[in-house]
Amino acid sequence: MKKFFLILLSSLLVLSSCSTTERAYSFSSSDGIRVFLRPVKLKGELPVVLDLTIPTEKSKITGDATLNYSLYTKKGTIKDIESLSISFSTDNGKFETEDNELLFVEGKGKDEVEIRFTSKLPLSSILSLMESGSVEVSLIVDSNTYPLDSSLFISSLENAKGYLL
């Protein structure tokens, strides 16, 4: 009975965290505490919605983060779906998502599709994002770079620092 109560209490805590209006929150997982940056829409010629999950222990980042992102575009706009990645430019250098894996391509209405990916950001890249004073985010597709308005992402990173400092 105690075990059931603890599981129920843990679930309620996670659900109450999910209902917060903050852009980032922490939750417990089997691997420790995770900091989750809620999905944010980055506006641009090809807008992207992305979210980020960062593994932590005792308020320190402990490993690679998982970055999930969706691109909503007209059917046939992208020639090579496997070419998609997200690029970050910071005070500390430039880097891209790694191990991009296509999750799905799904029709949204008559002419639009959602292309959903999951990828990794290595520990060094996450630390660079957290320590940087400025961050520029771009979508790379078919060897072209599309700048994105990163203000909401920067705000989410600032909010996440509250859980990590």
Trainee: Can you tell me how far apart CG (Leu157) and CG (Leu52) are? Round to the nearest 0.5 Å.
Mentor: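 Rounded to the nearest 0.5 Å, the CG-CG separation comes out at 7.0 Å.
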
Trainee: One pair to check against side-chain contact (heavy atoms from CB on, under 4.5 Å): Leu129 and Leu121. What are the steps and the verdict?
Mentor: CA-CA 10 Å; Leu129 282 174; Leu121 278 178; 4.0 Å; yes

Trainee: Name the one of Thr66, Asp99, Thr97 that satisfies side-chain hydrogen bond (donor to acceptor under 3.5 Å, both in side chains) with Lys120?
Mentor: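 Considering Thr66, Asp99, Thr97, a side-chain hydrogen bond (donor to acceptor under 3.5 Å, both in side chains) with Lys120 is found only for Thr66.
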
Trainee: Give the minimum heavy-atom separation between Pro47 and Leu71, together with the two atoms involved.
Mentor: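 That closest heavy-atom pairing would be O-CD1, 3.3 Å.
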
Trainee: To the nearest 0.5 angstrom, please state how far the CG atom of Asn68 sits from the CG atom of Leu103.
Mentor: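 Between atom CG of Asn68 and atom CG of Leu103 there are 6.5 Å.
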
Trainee: Is there a donor-acceptor contact under 3.5 Å from the side chain of Ser119 to the main chain of Leu67?
Mentor: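 Judged by distance alone, yes, a pair lies under 3.5 Å.
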
Trainee: Step by step, work out the side-chain contact (heavy atoms from CB on, under 4.5 Å) result for Ile54 and Ile126.
Mentor: CA-CA 8 Å; Ile54 305 168; Ile126 290 299; 4.2 Å; yes

Trainee: Is the side chain of Ser132 donor-acceptor paired with the backbone N or O of Val135 at a distance under 3.5 Å, no angle test?
Mentor: no

Trainee: Is the CD atom of Glu131 crowded by more than 12 outside heavy atoms at less than 6.0 Å?
Mentor: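 Count over threshold, so yes.
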
Trainee: Taking all atoms of both residues into account, what is the closest heavy-atom pair of Leu148 and Ser138, and its distance?
Mentor: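 Looks like CD1-C, 4.0 Å.
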
Trainee: Please round to the nearest 0.5 Å and tell me the distance separating atom CG of Leu139 and atom CD of Glu45.
Mentor: 10.0 Å

Trainee: Test your reading of the model: is there a side-chain donor-acceptor pair from Ser128 to the backbone of Ser124, 3.5 Å cut-off?
Mentor: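 A pair under 3.5 Å: no.
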
Trainee: For Glu114, does the CD atom sit with more than 12 other heavy atoms under 6.0 Å from it, leaving out its own atoms?
Mentor: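 Enclosed: over 12 neighbouring heavy atoms sit under 6.0 Å from CD of Glu114.
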
Trainee: Does Leu123 offer a backbone N or O that forms a donor-acceptor pair with the side chain of Asp64 under 3.5 Å?
Mentor: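 Yes; judged by distance alone, with no hydrogens or angles, the pair exists.
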
Trainee: Minimum heavy-atom separation for Tyr72 and Ser70, please, with both atom names.
Mentor: CE1-CB, 3.8 Å

Trainee: Ignoring hydrogens and geometry, is there a side-chain-to-backbone donor-acceptor pair from Asp142 to Asn144 under 3.5 Å?
Mentor: no

Trainee: Parallel, tilted or perpendicular: which describes the rings of Phe117 and Tyr69, with under 30° parallel and over 60° perpendicular?
Mentor: parallel

Trainee: Side-chain contact test, heavy atoms from C-beta onward, threshold under 4.5 Å: evaluate it for Pro147 versus Glu136 and give yes or no.
Mentor: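 Sidechains of Glu136 and Pro147: no contact.
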
Trainee: Should Asp51 and Arg116 count as an ion pair when the cut-off is N to O under 4.0 Å?
Mentor: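 Yes, this pair counts.
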
Trainee: Look up atom NZ in Lys60 and atom CG in Leu127, then write down how far apart they are to the nearest 0.5 Å.
Mentor: 10.5 Å

Trainee: Among side-chain atoms of Glu96 and Ser85, is any donor-acceptor pair under 3.5 angstrom?
Mentor: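 Yes, because at least one side-chain N or O of Glu96 sits under 3.5 Å from a partner of the opposite role on Ser85.
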
Trainee: Minimum heavy-atom separation for Ser150 and Leu42, please, with both atom names.
Mentor: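 Closest approach of Ser150 to Leu42, heavy atoms only: CA-CD2, 4.2 Å.
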
Trainee: Any chance you could lay out the side-chain contact (heavy atoms from CB on, under 4.5 Å) test for Asp91 and Ser134, step after step, and finish with the verdict?
Mentor: CA-CA 6 Å; Asp91 304 351; Ser134 68; 2.8 Å; yes

Trainee: Decide whether Val49 and Ile140 are clustered together by the hydrophobic rule: side chain heavy atoms of Ile, Leu, Val, Met, Phe, Trp, Tyr closer than 4.5 Å, transitively.
Mentor: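 Result: no, two separate clusters.
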
Trainee: Are Val35 and Val40 connected into the same hydrophobic cluster when the rule is that any two of I, L, V, M, F, W, Y join if their side-chain heavy atoms are below 4.5 Å apart?
Mentor: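 Same cluster.
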
Trainee: Only one of Leu46, Asn100, Val48, Ile115 passes side-chain contact (heavy atoms from CB on, under 4.5 Å) with Leu84; say which it is.
Mentor: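 Exactly one candidate clears the test, Ile115.
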
Trainee: Under the side-chain contact (heavy atoms from CB on, under 4.5 Å) criterion, do Met130 and Lys161 qualify, and how do the steps go?
Mentor: CA-CA 7 Å; Met130 291 296 177; Lys161 288 179 186 179; 3.8 Å; yes

Trainee: Rounded at 0.5 Å granularity, tell me how far OG1 in Thr62 sits from CZ in Arg34.
Mentor: 7.0 Å

Trainee: Do Lys75 and Asp111 have side chains that get closer than 4.5 Å, going by heavy atoms?
Mentor: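 Not in contact.
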
